[in-house]
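To keep things clear, I will list the structure first and then write my remarks on it.
Being a predicted model, the structure only gives us computed values, none of them experimental. When a residue number appears, it is its place in the shown sequence, counting from 1.
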Amino acid sequence: MDRESLEVFLTIARHGSINRAAQALFLAQSTLTHRLKQLERQVGSALFVRTASGVSLTGEGRRLLPVATNIVEQMRSFIQEKEQRQSMNIVAGKAFVAYELPRLIGEYRIAHPGFTCYVRSTLYEESLSALLTGTADIAFLGSEMYHPHIHQEFLPSDRLLLVMAPSHPWAIGFPGFQAWGTEEMIVFGNHTAPYRQRIDRYLAQKGVFPNIIMELDSFNAVKKMVERQLGITILPERTIQQELATGRLVAYDIANGELVRPTLIAYLHPKKEDDAFQQFVQWIKEHY
């Protein structure tokens, strides 16, 4: 007893005419009659009798009517809920929104055309609040998030590289931390941001307390300043690939892989049971 046959049955009952029901469903009358006969065979009795003006329900038809109505309404509700789950609320830091999400969402949408989402750039604390209040389904983070209600998974980390213009003296080779001195540095984020704290902590371990001349909230802005030879910086490798390929910037891994920016996805524990959501998570993990 499939939903399409029940839809046919309900439409005939509503219009009191097989011809008018066929027109309403944009089906050939022969197709509609065939589906009705299939349903009657499953039920084991006729559901309509012919009248001068069309058709009317038999006793069995009247008994089936509320059952069919309930089944069809529940199926419609289930399908609508499934479609709504395809729309995902995503929060992420400004840099991740600028450099990673366009590719990931674009490719996922090609593979899953029905997918829609609402994306919002947030700070770390805002991401946590959005998950806990239900205004976000998933958060992309640059720092660990520890909360009993939140599950997190690590994506591949991104190396943090020392970056400079090709004309900078260090472009031919990093002279070592002992030569850092008062070298002017342009940084991303303020001293309270986890990303910035990670860099400051590493440099301090090397005895370096940089001469910071700019604190900017955009990786693009930092890169442009460095390209103009206004200072050096430390940036995630993923954010400078184009500039490195075209020779506009030079970069070194001065930490030998020790200094990295983690990338995590975080969501509430009940989302582990959501198959559609987990499909998205698994795809992100495979394509990041």
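- Around the NE2 atom of His269, the shell of radius 6.0 Å holds more than 12 heavy atoms that belong to other residues, nucleotides or ligands.
- Atom CZ of Arg14 sits about 9.0 Å away from atom OG1 of Thr69, to the nearest 0.5 Å.
- Between Trp180 and Trp170, the angle of the ring planes goes over 60°, which puts this pair in the perpendicular group of the 30/60° scheme.
- Taking CD1 from Ile90 and CD1 from Ile138, the interatomic distance works out to 7.0 Å, rounded to the nearest 0.5 Å.
- Leu57 and Ile18 fall within the same hydrophobic cluster, where Ile, Leu, Val, Met, Phe, Trp and Tyr residues are linked whenever their side-chain heavy atoms come under 4.5 Å apart, directly or through other members.
- Residue Lys272 places its NZ atom among more than 12 non-hydrogen atoms of other residues, nucleotides or ligands, all under 6.0 Å distant.
- Judged by distance alone, the side chains of Thr192 and Asn190 do bring a donor and an acceptor atom under 3.5 Å apart.
- Around atom CD of Gln242, no more than 12 heavy atoms belonging to other residues, nucleotides or ligands sit under 6.0 Å away.
- Salt bridge annotation for Arg120-Glu126: absent, with no cationic side-chain nitrogen under 4.0 angstrom from a carboxylate oxygen.
- Counted within 6.0 Å of NZ on Lys224, heavy atoms from surrounding residues, nucleotides or ligands total 12 or fewer; the atom is thus considered open.
- Relative to the six-membered ring of Phe219, Arg238 misses at least one condition, a distance below 6.0 Å or an angle of at most 45° to the axis.
- Relative orientation of the Trp283 and His287 rings is parallel, given thresholds of 30° and 60° on the angle between their planes.
- Both Ile213 and Leu203 belong to a common hydrophobic cluster when Ile, Leu, Val, Met, Phe, Trp and Tyr are linked at side-chain heavy-atom distances under 4.5 angstrom.
- Tyr124 and Met145 make their closest contact through OH-CA, 3.3 Å (heavy atoms, listed as atom of the first residue, atom of the second, distance).
- Side-chain N or O atoms of Gln178 include one that pairs as donor or acceptor with a backbone N or O of Pro175 at under 3.5 Å.
- For Tyr252 and Phe174, the distance between ring centers is not under 6.0 angstrom.
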Test side chain to side chain contact (heavy atoms under 4.5 Å, CB included) applied to Leu65 and Phe9, step by step: CA-CA 8 Å; Leu65 187 62; Phe9 166 71; 4.1 Å; yes
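- A salt bridge links Arg103 with Glu107: the distance from a Lys NZ or Arg NE/NH1/NH2 to an Asp or Glu carboxylate oxygen falls below 4.0 Å.
- Ser17 OG to Gln29 CD: the interatomic distance, rounded to the nearest 0.5 Å, is 7.5 Å.
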Side chain to side chain contact (heavy atoms under 4.5 Å, CB included) evaluation trace for Leu32 with Leu25: CA-CA 9 Å; Leu32 186 138; Leu25 294 172; 3.9 Å; yes
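- Tyr118 OH: 12 or fewer foreign heavy atoms inside a 6.0 Å radius.
- Rounded to the nearest 0.5 Å, atoms CD1 (Ile186) and CG (Leu235) are 9.5 Å apart.
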Full working for side chain to side chain contact (heavy atoms under 4.5 Å, CB included) between Leu128 and Ile150: CA-CA 9 Å; Leu128 173 60; Ile150 290 177; 3.3 Å; yes
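- A donor-acceptor pair shorter than 3.5 Å cannot be found between the side chains of Glu237 and Gln241.
- By the 6.0 Å contact criterion, CD on Glu273 is open, its count of non-hydrogen atoms from other residues, nucleotides or ligands being 12 or less.
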